[in-house]
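Report on the following structure.
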Amino acid sequence: MTFRAGIEEICRLIANILKTLGIDGVKYDVMQTTKTEFGDITTNVAFLIAKKTSRKPNDIARDFVENRIKLYIDDSKSARRSSLIESAYPHPAGYINFKLNATNIASSTLTEILSNPHFAESNIGNGKSVIIEHTSVNPNKALHIGHVRNLVIGDTLYRLLRMTNHNPIVLNYVDDSGLQVADLVVGFLFAGFPIDSNRSQKFDIYCGDEVYSKVNELYTNDKDLAEKRRFVLKEIELGQSDVSKLASHISRRVLAEQLKTCWRLRAHYDLLNFESHILASNQWNKTFEILKKKGVLVLETEGKNKDCWIIRSKVTDDKIVVRSDGTATYIAKDIPYALWKLGLIPDYSHYYKFSDQWDNSILWATTLDAKSYSGDHPKFNSAEVAVTIIDSRQSKLQDLVSYVIFKLMGTDTKEYKHLAYEPVTLSSNTAKMLGLDIGKKDFAHMSGRKGVVVYADYVLDILHTKALEEIKKRRDHSEETLLRASAEDIAISAMRYNLIKQDLDKMITFDITESLSLEGDTGPYLQYAYARSQRILEKSRVEISNINFSLLSDESETSLLLEISKLDMIIEDAAKNLNPKILARYAYKLAVKFNLFYEKTPVLREPNPEKVVLRLALVKSFEIVMKKVFEILGMVAMAIM
RNA sequence: GGGCUCAUAGUUCAGUUUGGAUAGAAUGGCUGCCUGCGGAGCAGUUGGUCGAGGGUUCAAAUCCCUCUGGGCCCGCCA
């Protein structure tokens with residue numbers, strides 16, 4: 001992978017020039033250009049020297065190129081040293097622009113991709129163990145489109161970290177002891193909802209759509225029912241009783257349905273953490289002692305919070321953690337969990353094999369029953385970094401958790417990070433289509449309780465149907481089951497790409513009509529480019545060997561080549577910044593470059609056999625790189641669409 | 001009231017971390033391109049006082065300040 005090597009060579013060159021001129025302390029940039037007419041790589045060093053010496057940037061740039069850089073390039077060529085720099089020229093604006101040597105880039109990039117299966121993998125993780133928590137949907141409803149954003153961010157991050165030699169473990173936190181589950185129990189026991197509805201509806205959708213939202217409507221007029229909720233919640237907290245067993249049964253059943261949707265979206269998990277186990281094993285008491293000892297918690301002696309244990313920090317106002325009656329508040333659940341993730345409290349749980357997963361891995365779950373141990377499991381609770389993916393509404397609480405960890409660890413390396421993202425809302429059009437009244441607003445926040453939701457499976461099903469129609473236009477001779485499998489691959493890739501390509505701190509206004517588009521900057525566009533490359537490779541009878549890299553000449557070839565050669569930089573950038581979007585943008589750019597190449601440059605119809613081999617090598621490399629990118633994005637590289 | 005965050009083409013968004021060259025895509029509208037390696041594609045055209053104002057700078061969508069508008073958070077609820 002040599003785009004980076006090109007940048008590094010230019011950095012060395014500039015550094016040497018500055019050294020001979022006796023200039024130091026200049027923090028210049030060597031970076032990609034914004035446009036091809038400016039070459040491939042550019043530096044702003046002339047601007048910065050201009051500042052120091054009161055010479056014009058343009059003069060300096062010209063001086064550098066004529067008197068220094070050209071010598072270097074000529075020297076490299078005459079000495080047959082393998083330089084990646086082809087040429088350099090000063091731009092009147094003051095930049096020094098470089099063009100890379102296509103032959104040398106092609107030679108090293110394509111050779112490496114074609115011969116080394118681990119070509120763009122990086123070691124920035126150095127084996128570091130990272131816990132990623134994502135999804136964590138309350139087990140009383142089905143996943144809606146907003147939950148999918150969470151899942152896709154987390155799962156892409158998992159794939160990204162695995163590619164960069166981190167050791168990621170994925171947790172899905174199941175709040176099986178909260179109010180939401182109590183609402184379902186109330187619905188089944190006291191509001192006449194049958195547990196087994198006769199409909200073909202998925203159980204999680206039934207619970208969320210029918211029971212949960214309807215029960216919440218009933219509360220407003222039925223004081224007695226609201227009273228029942230308090231009773232049920234108490235029973236759940238105490239455990240053991242029939243009511244609590246029913247709650248457990250229901251939440252497990254909903255969870256099983258939720259997991260089907262998660263797995264449909266090709267998400268991988270390592271462990272289900274049940275909140276009830278954290279509560280039942282009394283993690284809070286141990287945590288409480290530690291926090292008191294370290295002085296993170298202080299006992300308020302006066303004012304309105306008198307007799308409460310609070311966290312006093314700069315990040316927020318005083319936060320009550322233990323009430324004056326000695327009971328713990330909500331945040332007290334999050335703190336032990338965070339400490340457990342980083343191994344700061346002893347492991348409280350045993351683990352059993354919950355089920356097998358779509359990717360042939362095992363999904364484990366916590367249990368307090370020592371006898372249920374079922375085989376070797378990874379070490380779950382002692383990560384060096386914990387990344388928690390929750391939407392930005394939780395930012396303040398998560399900041400507080402980070403603060404607590406920081407107070408306990410000091411400058412140690414362990415780290416708790418909240419990866420925040422803005423929620424997904426429904427566009428006014430989509431809300432109207434669903435018969436929801438949102439007034440004059442442009443969008444509506446989703447709410448399971450209010451029934452303002454678009455379910456993930458619903459959107460996937462429509463996408464599937466639409467993709468199937470398109471497929472049948474082109475492949476009507478194939479078997480129906482094969483066509484359906486392809487439609488499913490397209491639907492899933494489309495949804496994942498759609499929810500990962502945007503910036504995390506931008507609210508997504510979900511429009512069902514727009515989300516069904518299969519054209520333009522969408523998943524299918526990327527998959528189509530890949531499928532095209534497959535047709536070429538499939539029809540070719542030529543062996544890709546003895547490649548003559550010097551025949552690379554067309555703009556469409558070099559521009560595709562350079563894009564391919566950036567993969568390693570992109571992966572590192574995305575992983576370092578925990579920013580999966582970078583990879584999605586890259587995938588799109590790569591597909592655009594390939595489609596351009598495909599239109600402009602014939603491969604199989606090229607008369608020169610040496611050029612055919614070279615172009616095949618380029619197509620093959622594109623295939624391999626695109627496949628790798630798809631793998632990280634959780635998209636399917638389809639040989640045929 | 002305090003805090004966080006967003007604002008770029010009719011619409012949805014890149015670009016802001018690390019200031020730099022004529023501000024890029026997609027979509028929509030209009031118009032071309034299939035006997036050709038698959039048209040889920042390609043090309044052209046239309047469309048922007050980068051929310052407003054000030055400041056710093058040779059240079060600001062990008063950095064700083066003020067303001068406006070949208071969203072979120074701020075309970076001895078969970």
Side-chain angles (χ1 to χ4, degrees), chain A residues 27 29 31 33-35 37-38 42 44 46-48 50-51 54 56-57 91-95 97 138 175 177-180 182 233 300 304-310 315-317 319-331 333 391-397 399 420 422-423 425 427 441-443 445 467 470-471 473-475 490 494 501-503 505-509 511 514-515 517-529 531-540 577 579 581 584-585 588-589 591-592 595-596 598-606 615 619 640-641:
Chain A
K27 283 186 77 184
D29 274 329
M31 60 215 161
T33 54
T34 45
K35 287 181 177 172
E37 56 186 283
F38 300 141
T42 188
N44 63 347
F47 290 105
L48 298 159
K51 203 172 202 168
S54 73
K56 287 182 180 161
H91 188 275
Y95 290 94
N97 294 334
N138 288 332
D175 180 358
S177 49
L179 210 56
Q180 295 87 349
L233 192 59
E300 185 64 272
K304 62 183 168 92
N305 295 338
K306 188 169 185 296
D307 296 332
C308 295
W309 288 89
I310 63 168
V315 290
T316 64
D317 304 333
K319 180 74 193 169
I320 295 169
V321 179
V322 177
R323 302 182 188 99
S324 52
D325 67 2
T327 57
T329 62
Y330 174 70
I331 180 125
K333 283 186 193 172
D391 74 60
S392 60
R393 283 173 291 199
Q394 302 265 12
S395 288
K396 206 165 204 172
L397 281 176
D399 283 350
E422 291 291 317
T425 61
S427 74
K441 293 198 160 192
D442 296 332
F443 60 86
H445 282 283
E470 290 294 321
I471 289 171
K473 284 183 200 162
R474 319 155 210 244
R475 284 167 57 190
I490 290 169
K501 69 174 182 178
Q502 276 148 85
D503 204 83
D505 51 24
K506 243 156 202 163
M507 201 169 70
I508 294 181
T509 306
D511 188 274
E514 277 172 26
S515 78
S517 165
L518 307 177
E519 287 161 20
D521 186 4
T522 64
Y525 176 90
L526 310 185
Q527 292 175 302
Y528 186 64
R532 279 176 145 182
S533 75
Q534 292 302 289
R535 284 300 76 68
I536 296 176
L537 294 169
E538 180 186 277
K539 290 186 177 167
S540 154
N577 297 306
N579 191 350
K581 171 193 71 175
R585 307 300 339 168
Y588 178 68
K589 225 168 157 188
V592 168
N595 276 332
L596 217 68
Y598 184 89
E599 295 287 335
K600 290 194 175 163
T601 319
V603 178
L604 303 178
R605 284 179 286 114
E606 164 62 41
R615 286 178 187 165
V619 174
I640 185 167
M641 282 179 79

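Nothing here was measured: the structure is a model prediction, and the numbers come from that model. Quick note on labels: first sequence line is chain A, next is B, and so on, each numbered from 1.
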In B/S/- notation, 5' to 3', how is nucleotides 73-78 of chain B contacted by protein heavy atoms closer than 4.0 Å?
SS-BSB
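- Residue-level contact check: A/Asp503 touches the backbone only, with heavy atoms under 4.0 Å from sugar-phosphate atoms and none from bases.
- The side chain of A/Leu604 lies closest to B/C37, out of B/C37, B/A40, B/A7.
- Residue contacts shown for A/Asn579 are absent, as no nucleic acid heavy atom lies under 4.0 Å away.
- At a threshold of 4.0 angstrom between heavy atoms, the contacts of A/Arg535 include nucleobase atoms, whether or not backbone atoms are also involved.
- Remark: A/Arg475 engages no residue in a salt bridge (charged side-chain N to carboxylate O under 4.0 Å, His left out) (not counting sequence neighbours).
- A/Ser540 pairs by the side chain to side chain contact (heavy atoms under 4.5 Å, CB included) definition with A/Val542, A/Leu604, A/Leu616, not counting sequence neighbours.
- Using a 4.0 Å heavy-atom cutoff across all strands shown, A/Lys501 reaches no nucleic acid atom at all.
- For A/Glu606, the salt bridge (charged side-chain N to carboxylate O under 4.0 Å, His left out) criterion is met by A/Arg615, not counting sequence neighbours.
- Annotation: salt bridge (charged side-chain N to carboxylate O under 4.0 Å, His left out) contacts of A/Glu599 (sequence neighbours excluded): A/Arg532.
- Scanning all heavy atoms of the two residues, the minimum distance from A/Asp29 to A/Asn44 falls at N-OD1, 2.8 Å.
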So which protein nitrogen or oxygen atoms get under 3.5 Å of nucleotides 28-34 of chain B's nitrogens or oxygens?
none

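- For A/Lys506, counting side-chain heavy atoms from C-beta on, the closest listed nucleotide (B/A26, B/U22, B/U16) is B/U16.
- A donor-acceptor contact under 3.5 Å is formed by the side chain of A/Thr42 with the base of B/A21.
- The base of B/A43 has none of its N or O atoms less than 3.5 Å from a complementary donor or acceptor on the side chain of A/Asn595.
- When the side chain to side chain contact (heavy atoms under 4.5 Å, CB included) test is applied to A/Asp391, the partners found at least two apart in sequence or on another chain are A/Arg393, A/Tyr421.
- Across all strands, A/Met641 comes closer than 4.0 Å to base atoms (heavy-atom distances).
- A/Glu37 is linked by a side-chain hydrogen bond (donor to acceptor under 3.5 Å, both in side chains) to nothing, counting only residues two or more places apart in sequence or in another chain.
- Taking the side chain to side chain contact (heavy atoms under 4.5 Å, CB included) definition, one finds that A/Gln534 meets it with A/Tyr530, A/Leu537, A/Glu623, A/Ala639, sequence neighbours left out.
- By the side chain to side chain contact (heavy atoms under 4.5 Å, CB included) test, A/Ala591 is found to be paired with A/Tyr525, A/Leu526, A/Ala529, A/Met626, residues two or more places apart in sequence or in another chain being considered.
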In dot-bracket, 5' to 3', how would RNA chain B read with Watson-Crick or G-U wobble pairs under 3.5 Å, [ ] for crossing ones and | for pairs to another strand?
(((((((..((((......[...))))((((((.......))))))....(((((..]....))))))))))))....
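- Atoms CE (A/Met507) and P (B/C4) sit 19 Å apart, rounded to a whole Å.
- Using modelled atom types and a 3.5 Å distance limit, the side chains of A/Ser427 and A/Asp511 yield a donor-acceptor pair.
- Under the salt bridge (charged side-chain N to carboxylate O under 4.0 Å, His left out) criterion, A/Lys539 pairs with no residue at all, not counting sequence neighbours.
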